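Remember, it's a predicted structure, so these values are computed and weren't measured experimentally. Chain identifiers are assigned alphabetically (A, B, ...) following the order of the sequence lines, protein sequences preceding nucleic acid strands; residue numbering begins at 1 within each chain.
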Amino acid sequence: MTDKKLVGLFETFLAKDNLFAEKRALQTNYTPSVVVHREEQTQQIAKILAPALRMDKPSNLFVYGKTGSGKTLSVLHTLKNLSDVAARQKIAVKTVYVNCKLKKVADTEYRLIAQIARDLGQEIPATGLPTQEVYQLFTRVLDAKEQLLILVLDEIDQLVKKTGDEILYTLTRVNAELKRTQVALIGISNDLIFADNLEPRVKSSLSEEEIIFPPYNALQLQDILRSRAKVAFREGVLETGVVEKCAAFAAREHGDARRALELLRVAGELAERNGAGVVKMQYIDEAEEKIERERVFDIIIAQPKQHQVALHALLSLFDRQKDAISTGEIYDRYKQHCTRLGFRPLTQRRISDILAELDMLGIINAKVLSKGRYGRTREIRIAIADQMVVRAKEILEKELELK
DNA sequence: GTCAATTCACATGAAAGAGACCACGGTCTAGTG
DNA sequence: CTAGACCGTGGTCTCTTTCATGTGAATTGACGA
């Protein structure tokens, strides 16, 4: 049975001119062939890594910079060129890239080492083995043949925050145990003061070299957007000023190129869905709102049940009073909700942490405030727009099967 | 009026427990020749 | 005899609880002018 309406919709979709030529170019995991406005940094990285081609261990390198400032891109770009040369000259240089933030992949000591070992071709189960054994397996594959390994640890600050800096110490020291292989480390961090909290011995051996990536300014962002847009969109579908506007938006947010590209992509998608032949300025505003809305709702849906109960308690408190509320009030309301839902309530200690997490996620704004004789508490406000609060509550109620 | 001590209501840290998940090795069982 | 099912042990990892300690300014109360 064919649905004529749907068929019609699909057919007009096909018949319509597609705005995108290659949408991939705007997605975050896309690696362009040219890295715009990062010549200086890629040169530096290249100089530091070049000794690898003579099988000398390059200095360990530490790369800092805010999100979307091109760190990962530049490092990977340089490494790719390096391994191309190495492959052509038959030099045994191997590169492994691990993102330490990826949950369930590389966010603990065990998983990080296991992940690296897997990249080197060693099968390692997701759990069950003692960490020591994983280390042994790891050093064994590593030392199996003569080679030079360049190990990139992205978002290394996340890893250290979670598990401490011993892993880094072990990794910087691993060369002493290896007979045939040498390992060079590249750490990438969003957190500029991260290294200050490291143990001195780790810090000195990890950051033998340092490169700092400054945020892009609006003009640079424009260039980046233009170069990507040229690949991603078809000729002439961008209204003049669109690129500039995207760049301006992103420049306001500490020059995050990723944001700028996302904005442009979503604006394009909106235009396409509305059947517009051109990406107009107005779509950028809509795109910004849409991105924000989806970010918030995605976060809410992804939260564990207990977090959702806490959040719902928080939101419902805001119906009554518009000003800030305290941890204690939320906890009381939360306990009521739990009994109503048949959940076992968590302790206040835990709720305190959950509120801190929600703060990190940008759903709420929490400020620790001392009110003298009246104690000390988080002063909590909602960080999302009013019309979204209503929708958020509905989502939560559905998730919790409330009412 | 000034100043230090007190006090509140939590925040923040550390450690340890519960329960889910998993690998490994040993034992049991059923199927095969 | 052997492959596979099943069990117990020991490991990781996440989420929590328990216990302990920290915090910062409004309030209090002693003191002196």
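- For the side chain to side chain donor-acceptor pair (under 3.5 Å) condition, the pairs that include at least one residue of residues 127-150 of chain A, sequence neighbours left out, are A/E109-A/Y135.
- Under the 3.5 Å distance criterion, with hydrogens and angles disregarded, no donor-acceptor pair is assigned to the side chains of A/R259 and A/T67.
- Remark: A/T108 is in phosphate contact with C/dC13, judged by side-chain N or O atoms under 4.0 Å from OP1 or OP2.
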Mind listing the N/O atom pairs, protein and nucleotides 16-20 of chain B, below 3.5 Å?
none

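- In the set B/dT12, B/dA23, C/dT14, the nucleotide with an atom closest to the side chain of A/S352 is B/dT12.
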Which letter, B, S or -, goes with each nucleotide of nucleotides 22-29 of chain C from 5' to 3', with contact meaning a protein heavy atom under 4.0 Å?
BBBBBSS-
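- Summarising the geometry, the separation between CG on A/D353 and C1' on B/dA11 is reported as 9 Å, rounded to the nearest angstrom.
- Checking the phosphate oxygens (OP1, OP2) of C/dT12, a side-chain nitrogen or oxygen of A/T131 falls inside 4.0 Å.
- In this structure, A/R350 forms no cation-pi arrangement with A/Y331, as its terminal cationic atom is not both closer than 6.0 Å to the ring centre and no more than 45° off the ring axis.
- Interface residues of residues 342-351 of chain A facing DNA chain B, ordered by number: A/Q348, A/R349; criterion, heavy-atom separation under 4.0 Å.
- Here the closest heavy-atom approach between residue A/L159 and residue A/A106 is recorded as CD1-O, 3.7 Å.
- When the local axes at the two ends of the helix from B/dG1-C/dC31 to B/dG31-C/dC1 are compared, using 5 base pairs at each end, they differ in direction by 10° after rounding to 10°.
- Residues from residues 111-120 of chain A lying near DNA chain B, meaning a heavy-atom separation below 4.0 Å, are absent.
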